[in-house]
Structures are given as C-alpha cells and as structure tokens.
Amino acid sequence: MVAVALLLPPLLLCAVLALSRYEDRMLGGPAPPRARRLLRAVPPLPDREPGDDPAEDGAAHPRRKHAA
C-alpha cells in the first residue's frame, strides 16, 4: 500500500508530461529551429594614462553617476 502511494504519483506525473509533449508535437507542427548565440570576444581596452581623457577629471561630466 505504501509502495503504491509513493510510486503512483511520480508515474502519473511522467505519463501526463509525456502525453503533453506528444500532443505538442502532433498539433504544433514542426519545431522552430533553435536560435544560435553569436558570441564575440570583446577586445581589451587600450591602456591610457590617467590624464589622457578630459572626461576623467570630472569637468566634462559634473553629474556623473557612480556604481556605488
């Protein structure tokens, strides 16, 4: 009795999920092709001296937002 109570719900769940996938396959038509992810490596930023960029001194952007 305990074995039936423990084994029957997972078996019924598997059956329902299998029937659902079967129904989707039969009624849904062909599956759409999977989208490929096109990943590209980002090149590293060039090394700069601290005084090279005028925006770094804060004068060009007085209301700069910080990550903190």
Side-chain angles (χ1 to χ4, degrees):
M1 188 74 135
V2 174
V4 171
L6 292 177
L7 293 177
L8 191 60
L11 290 175
L12 288 175
L13 180 65
C14 289
V16 168
L17 291 176
L19 286 174
S20 169
R21 295 183 91 188
Y22 175 76
E23 180 184 23
D24 287 342
R25 188 176 296 174
M26 290 295 120
L27 297 178
R34 298 181 83 186
R36 288 208 265 159
R37 295 182 184 178
L38 301 176
L39 302 179
R40 286 182 277 154
V42 177
L45 294 174
D47 292 333
R48 295 184 282 141
E49 294 297 322
D52 287 348
D53 191 7
E56 285 186 4
D57 62 359
H61 301 286
R63 300 183 74 189
R64 183 185 285 177
K65 293 182 180 179
H66 295 283

Completion exercise
Going by chain and number, the hydrophobic cluster around Leu11 (ILVMFWY, side chain to side chain under 4.5 Å) further includes none
Practice task
Could you tell me which residues satisfy side chain to side chain contact (heavy atoms under 4.5 Å, CB included) with Leu19, sequence neighbours excluded, listed by chain and number?
Solution key: none
Exercise for the section: Tell me who clusters with Val42, hydrophobic residues only, linked when side chains sit under 4.5 Å apart either directly or through other members. Expected result: none
Fill in the blank from the handout: Tracing side-chain contacts under 4.5 Å among Ile, Leu, Val, Met, Phe, Trp and Tyr outward from Leu13 reaches Leu17
